[in-house]
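Working notes for the structure below.
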Amino acid sequence: MRPSQIEALPDWDGDVAAARALQQRLARQVELRDDFALPLRTLAGFDVGFEDAGATTRAAAVLLDADTLQPLETRIARIATRMPYIPGLLSFRELPALLEALALLSRRPDLVFVDGHGIAHPRRLGIAAHFGVATGLPSIGVAKKVLVGHHVEPGPQRGDVAALVDRGDIIGTVLRSKPRCRPLVVSPGHRVSLASAPGLVLRCLTHYRLPEPTRLADRLASRRDERR
DNA sequence: GCGACAG
DNA sequence: ATCTTGTCGC
């Protein structure tokens, strides 16, 4: 188990500039070369939802068999919300709960899919990248909307892609995961390359817009009947 | 100054 | 993200 960054997640004190500066430092620790177990045995999906009008943050973690894509384990963590949503600083708000959910899993997955961006972020440290650096785990970000960057419309077929570019950098891939559906924004988080990320997401797709890890976590994180 | 802005 | 039912389309 790789060491986690001791200063990767300080307490929120309202200092936006300080948080951005920390992101720039942490971004340097992101590894964009493929460095995960092959063959992949287990995958995990993570997502966050809110209860009590936002007072409680709920994180869902789902461990899946990498071959069958069947869920092996499901966990939910709840903590008091510590920070408001601020575009670009999402990870500081949601990561605490995600780390709790990860700790509830019986084993560390070979690869993690997080709902949100990896390096497709203003300072190249979206929640999937932050999660990866904080835990040392290989990760990929799967977002439903662009945060930063531009791209042309990908083709209509499942698997069609377009590069997401920001300030001259290719920071992710816009992927049509299902015909007639808005494409997903895929970007590496940590220990995964820009070129490999789309393929890894593709192999997790069945007949839904979202890849199984994220889809299952999404469902758990936002189900009303799961609230209490 | 005017938009854009993950979840 | 969340508040919320039905409804149009494949």
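Treat the numbers as computed from the prediction; the structure is a model and nothing was measured. Reminder, nothing fancy here: chain letters follow the sequence lines and each chain counts from 1.
Map D218(A) and R180(A) each onto its nearest nucleotide of DNA chain C; the residue landing nearer the 5' end is D218(A).
Between the NE2 atom of H130(A) and the P atom of dA6(B) there is a distance of 18 Å, rounded to whole Å. Between the CG atom of L147(A) and the C1' atom of dG7(B) there is a distance of 10 Å, rounded to whole Å. Residue Y208(A) contributes atom OH, which lies 15 Å from atom C1' of dC10(C) at whole-angstrom precision. What separates CD1 of I127(A) from C1' of dA1(C) is a distance of 12 Å, to the nearest Å. Atom CG of L89(A) is separated from atom P of dA6(B) by 12 Å (rounded to the nearest Å). Look at NE2 on H150(A): it is 10 Å from P on dC5(B), rounded to the nearest Å. L95(A) has its CG atom 18 Å from the P atom of dA6(B), to the nearest Å. Atom CG in L90(A) sits roughly 13 Å away from atom P in dT2(C) (whole-Å rounding).
Using a 4.5 Å cut-off on side-chain heavy atoms (C-beta onward), T135(A) and V112(A) make no contact. Considering only heavy atoms from C-beta on, E212(A) stays 4.5 Å or farther from L43(A) through its side chain. At least one side-chain heavy atom of I171(A) sits less than 4.5 Å from a side-chain heavy atom of V148(A).
Taking a centre distance below 5.5 Å and an interplanar angle below 30 degrees as the stacking criterion, Y85(A) stacks against the six-membered base ring of dG7(B).
Between D218(A) and R209(A) there is no salt bridge, since no side-chain N of the basic residue sits under 4.0 Å from a carboxylate O of the acidic one. By the 4.0 Å N-to-carboxylate-O rule, R75(A) lies too far from E100(A) to be salt-bridged with it.
G54(A) comes within 4.0 angstrom of no nucleic acid atom, judged by non-hydrogen atoms across all strands. Using a 4.0 Å heavy-atom distance criterion, L98(A) is classed as making no nucleic acid contact. At a threshold of 4.0 angstrom between heavy atoms, the contacts of G126(A) include nucleobase atoms, whether or not backbone atoms are also involved. Contact annotation for V146(A): backbone-only contact, meaning every heavy-atom pair under 4.0 Å involves sugar-phosphate atoms and none involves a base. Using a 4.0 Å heavy-atom criterion, one finds that I86(A) contacts no nucleic acid atom at all.
Heavy atoms of other residues, nucleotides or ligands lying less than 6.0 angstrom from CZ of R203(A) number more than 12. Counting non-hydrogen atoms of other residues, nucleotides and ligands closer than 6.0 Å to CG of D13(A) gives a total above 12.
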Derivation and outcome, salt bridge (Lys or Arg N to Asp or Glu O under 4.0 Å), residues D115(A) and K144(A): CA-CA 8 Å; D115(A) 188 296; K144(A) 305 177 197 69; 2.7 Å; yes

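The aromatic rings of F46(A) and F131(A) are tilted relative to each other, their planes meeting at an angle between 30° and 60°.
Checking dC5(B), dT2(C), dG7(B) against every side-chain atom of S222(A), the shortest atom distance belongs to dT2(C). In this structure, of dT2(C), dC10(C), dA6(B), it is dT2(C) that holds the atom nearest to the side chain of F50(A). Nearest to the side chain of E94(A), among dT2(C), dA6(B), dG7(B), sits dG7(B).
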Intra- and inter-strand pairs of DNA chain B in dot-bracket (Watson-Crick or G-U wobble, both distances under 3.5 Å; | for another strand): .......

Dot-bracket encoding per residue of DNA chain C, Watson-Crick/G-U cut-off under 3.5 Å, | denoting interstrand: ..........

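Side-chain atoms of H151(A) never come within 3.5 Å of backbone atoms of V161(A) as a donor-acceptor pair (strictly under, hydrogens ignored).
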